[in-house]
2 protein chains.
Amino acid sequence: MPQKNIRIKDIALLAGVSEGTVDRVLHKRGKVSKAAAEKVNKVLKEINYRPNLLAKTLGQNRTYRIATLTPNPDLDPFWKQSQDGIVAGEKQLAQFGIQVVIESAFYNPAIKESFQEAALKVFHSFPDGVLIAPLFYYASLPFFKRLNEVKIPYILFNTRIAEAKPLTFIGQDLIQSGRLAADLLRVGQTLPAAFAVLHVDEDLSNSVHLREKESGFREHLKKKDPFSQVYSFELKNANTAAFRKELNLVLNIDNLRGVFVSTSKGYAVAPSVKKINPEIRVVGYDLIKVNLECLEAGTIDFLINQNPMRQAKLGIQSLANCLLFNKTVPTQHLFPLEIITAQNVGSYLSHPGNQAGILV
Amino acid sequence: MPQKNIRIKDIALLAGVSEGTVDRVLHKRGKVSKAAAEKVNKVLKEINYRPNLLAKTLGQNRTYRIATLTPNPDLDPFWKQSQDGIVAGEKQLAQFGIQVVIESAFYNPAIKESFQEAALKVFHSFPDGVLIAPLFYYASLPFFKRLNEVKIPYILFNTRIAEAKPLTFIGQDLIQSGRLAADLLRVGQTLPAAFAVLHVDEDLSNSVHLREKESGFREHLKKKDPFSQVYSFELKNANTAAFRKELNLVLNIDNLRGVFVSTSKGYAVAPSVKKINPEIRVVGYDLIKVNLECLEAGTIDFLINQNPMRQAKLGIQSLANCLLFNKTVPTQHLFPLEIITAQNVGSYLSHPGNQAGILV
DNA sequence: ACACGAAATGTGGGCGCCCACACTTATGTA
DNA sequence: TACATAAGTGTGGGCGCCCACATTTCGTGT
């Protein structure tokens, strides 16, 4: 028979003090005599007090301003999904009567200065908390430094910056992601063989993100198949003649059995690969529409889902938890490396877990 | 600039009536004149009123009793995970001050009468809602009929019973699950080949569950590879001599390239399979400890995760949503078909999404 | 026209927590 | 000793919703 929940009132009764005193002890707001504090702490030690979050939240009737800083969703469907997650998180909070105003700042993921400008804008709006996808490593460091200085809490997602001191990092283990890709390319293949890592339309030097994926890929393949070859390429300006020419160079590699596209741009190379040889396995990232078409057409064999939507949604939720409840969140929250094929993609798309819903 | 949340008070003001009247209209509790009802409804149509769930829940200070009816967690690690999900759901609700008492009834999944007995016990305790994993199709029908009669709401998970009228069904698309297994066995293989479906320690005649998986498997394989062969077996009494003997029969099938174990008992056959021939692909279900060891050892290649923990947790949450908030839940909630390999299993196990936590 | 009951409407208190403020008690100074 | 100040403590109101109950309005019959 589980006893009724313990309230502050009960603690006060047990300790022989008033509710106000208990409250002061709980929140360490001082103005409590040693004797009283001891009495309360003694009771607290004996029972397991869990404040009612419902009541707690209902009381504090202030509006929090959360800023988000991500690549422009209009420029890339991946970041569109991330933005959807931000909105979903906002909606869910609103449902609980938690007043959160989200102010989204966007930047162009190809232009460093665009990031710096947007970051400055965010900083000057003095939000209560920030959610950031910091694609530019070095350009973002001063921003984090300033946030630390004025003690504005922030959460990073998608890309980890080692020097930053965020409340938490939300993302995937990219090294492991690369290892997984290697296994997906290897399974059932006649080995040793040649494999290609393609970085499409991204500046590798600026992107830790992609380098980590590649290093996991190479390391794992070397371990499992020392005699297989790995080639990597940076392909720029998708859909131009120059691009296609360079891609052809890749596809003429002797005994090429698999292609790993390190970003969500798999759709830009997959059809060409399969046209040359349907036996070449293709692994890419993310459930954006064009990739799904490739999955269905069979030109992409596996997608690894980074789930930007849920990452962003969790970011908003975590920020709210910290701001409203002073909850300590774990220092990182690594998402599962979801393997998507033509046969299970439907089950992911229809899964309501990605939508805004109470308590889910 | 998003306006402040609309409260009942605001509606009352706009409609020129009192809070009480608005409340009566919202809850259709009658005792409202036509004129007043119209005024209120007019305002409601114009604005988008979203009641504050926090306040709503805080008010109603009653305890709900939810019964659960599942196989005994001590008999099967799969059902242990499900039970963990139930407890996690309960904890999460408790954190919000939502008073839910869970009364768990267990049955022996091998004994029909055991189910009937437990079901009766649940029925006579007259809970406010029930969460059920009904492995026995026909034996469960009278139970649902009685629940319908006395209007006790219930949710099914894991196994769908077409004749039941639950609030919702939580589970996976099993046909699709079978198709997925087929693809996982096929990928990279030299075809046509022979494949085996193994039902371990389960009574196929009683289990729609397994038949659906097999039919999805066969249908898809037939479509993709008309010349491949599919054999299916029911293996009973794992780890006995008789079991091993029958298993050997399976493994001697000519040109056998893949084994699909339809339950979480993959660990009982995987090592034997790989000993005969490491090239034979093995696909099983669920992240139970023994299976994880097989994944690591390489005797199981792929696991499909049914996520009993999250299924059960969602079941409790949904039930609470219905009981407390009169929320309408979708008629079904199909979970993603998660593909697990040695390379991404860690990311699933460490994922905090499976643990009890606020708003997550 | 009045009385009476039914119907409609308004009001207040409580859920648990938090904070402001009023109040009581201890400490220090002239 | 009186008084000012500080330190400690208790109380009440409010967050938004819901429900019980008090109050008002309306309709009917005599």
Side-chain angles (χ1 to χ4, degrees), chain A residues 3-13 15-41 44 47 49-64 93-100 323-327 358, chain B residues 3-13 15-41 44 47 49-64 93-100 323-327 358:
Chain A
Q3 78 229 323
K4 207 169 145 42
N5 276 345
I6 299 148
R7 315 171 313 243
I8 286 189
K9 205 176 177 178
D10 301 317
I11 299 174
L13 219 63
V17 296
S18 75
E19 283 189 58
T21 304
V22 176
D23 184 74
R24 275 182 286 267
V25 172
L26 285 172
H27 296 86
K28 300 181 182 154
R29 277 203 258 103
K31 304 204 175 183
V32 177
S33 68
K34 258 189 193 170
E38 261 171 39
K39 281 193 286 185
V40 173
N41 280 322
L44 284 177
I47 59 158
Y49 172 64
R50 303 223 147 271
N52 183 330
L53 292 184
L54 241 38
K56 194 176 198 166
T57 314
L58 184 59
Q60 53 194 98
N61 199 31
R62 68 166 279 198
T63 300
Y64 288 89
L93 293 173
Q95 194 165 184
F96 282 94
I98 299 170
Q99 291 162 37
V100 178
L323 294 176
L324 277 85
F325 306 130
N326 289 321
K327 277 246 173 185
I358 163 186
Chain B
Q3 77 229 321
K4 205 169 144 48
N5 275 346
I6 299 148
R7 315 170 314 240
I8 285 190
K9 205 175 175 177
D10 301 318
I11 299 174
L13 221 63
V17 296
S18 76
E19 282 189 58
T21 304
V22 175
D23 184 74
R24 274 182 288 267
V25 172
L26 285 172
H27 297 83
K28 300 183 182 154
R29 279 204 256 102
K31 304 203 174 180
V32 177
S33 69
K34 258 189 192 170
E38 260 171 39
K39 281 194 286 186
V40 173
N41 280 321
L44 285 178
I47 60 154
Y49 174 63
R50 303 224 147 269
N52 182 330
L53 292 184
L54 243 37
K56 193 175 197 166
T57 314
L58 183 60
Q60 53 193 98
N61 199 31
R62 67 165 281 199
T63 300
Y64 287 89
L93 293 173
Q95 194 165 185
F96 282 95
I98 298 171
Q99 291 163 36
V100 179
L323 294 176
L324 277 84
F325 307 129
N326 291 320
K327 276 245 175 186
I358 166 186

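Chain A is the first sequence line, chain B the second, and so forth, proteins listed ahead of strands; every chain is numbered from 1. Here the structure is a predicted model, which means the values were calculated and not measured.
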Axis-to-axis angle across the helix from C:dA1-D:dT30 to C:dA30-D:dT1, five pairs an end, to 10 degrees? 70°

Exercise answer: donor-acceptor pairs, residues 24-31 of chain B side-chain atoms, under 3.5 Å, sequence neighbours excluded:
from, atom 1, to, atom 2, distance (Å)
B:His27, ND1, B:Asp23, O, 2.9
B:His27, ND1, B:Asp23, OD1, 3.4
B:Arg29, NH2, B:Asp23, OD2, 2.4

In terms of the nearest nucleotide of DNA chain C, which residue is placed more toward the 5' end: A:Leu54 or B:Ser18? B:Ser18

Rounded to the nearest Å, what distance is computed from the CG atom of residue B:Leu53 to the P atom of nucleotide D:dG16? 14 Å

Nearest-angstrom distance from the residue atom CG of B:Leu26 to C1' of D:dG16: 12 Å

Could you give the CG-to-P distance, from B:Leu13 to C:dT9, as a whole number of Å? 17 Å

So which nucleotide from C:dG10, D:dT9, C:dG16 ends up closest to the side chain of A:Ala36? D:dT9

Does the side chain of A:Thr57 get closer than 4.0 angstrom to OP1 or OP2 of D:dC15 through an N or O atom? no

For B:Phe96 and B:Thr57, what are the C-alpha separation, side-chain angles and deciding distance, and is it a side-chain contact (heavy atoms from CB on, under 4.5 Å)? CA-CA 9 Å; B:Phe96 282 95; B:Thr57 314; over 6 Å; no

Can you measure B:Gln99 atom CD to C:dC15 atom P for me and round it to whole angstrom units? 11 Å

Give the nucleotide from the list C:dC17, D:dC17, C:dG10 with an atom nearest to the side chain of B:Thr21. C:dG10

Looking at B:Ser33, I'd like to know whether one of its side-chain N or O atoms comes within less than 4.0 Å of OP1 or OP2 on C:dT9. yes

Which listed nucleotide (C:dT9, D:dG10, D:dC17) is nearest to the side chain of B:Ile8? D:dC17

Figure out the CD/P separation between A:Gln95 and D:dG16, and round it to whole Å. 17 Å

So, is B:Lys56 close to the D:dC18 phosphate, meaning a side-chain N or O under 4.0 Å from OP1 or OP2? yes

Might you list the N or O atoms of the protein lying below 3.5 Å from N or O atoms in nucleotides 19-22 of chain C, with each pair's distance?
from, atom 1, to, atom 2, distance (Å)
C:dC19, OP2, A:Arg29, NE, 3.3
C:dC19, OP2, A:Arg29, NH2, 2.7

Please assess A:Leu324 against A:Lys56 for the test side-chain contact (heavy atoms from CB on, under 4.5 Å), listing each intermediate value before the final yes or no. CA-CA 9 Å; A:Leu324 277 85; A:Lys56 194 176 198 166; over 6 Å; no

Should B:Asn61 and B:Gln99 count as side-chain neighbours, where that means a heavy-atom distance under 4.5 Å? yes

At their closest point, which heavy atom of B:Ala37 faces which heavy atom of B:Val32, and how far apart are they? N-CG1, 3.7 Å

When we call it a touch if two heavy atoms are under 4.0 Å apart, what does A:Leu58 touch: a base, just sugar-phosphate, or nothing? base

Find the distance B:Lys9:NZ to D:dC17:C1' and express it as a whole number of Å. 12 Å

Evaluate the criterion side-chain contact (heavy atoms from CB on, under 4.5 Å) for residue pair B:Asn52 and B:Asn5; output intermediate values, then yes/no. CA-CA 9 Å; B:Asn52 182 330; B:Asn5 275 346; 5.9 Å; no

Would you say B:Tyr49 places a side-chain N or O within less than 4.0 Å of OP1 or OP2 belonging to D:dG16? no

For A:Arg50 and C:dC17, what is the distance between atoms CZ and P respectively, to the nearest whole Å? 13 Å

I need the CG-P distance between A:Asn52 and D:dC15, as an integer number of Å. 18 Å

Which pair of heavy atoms, one from B:Ser18 and one from B:Ala12, lies closest together, and at what distance? C-CB, 3.7 Å

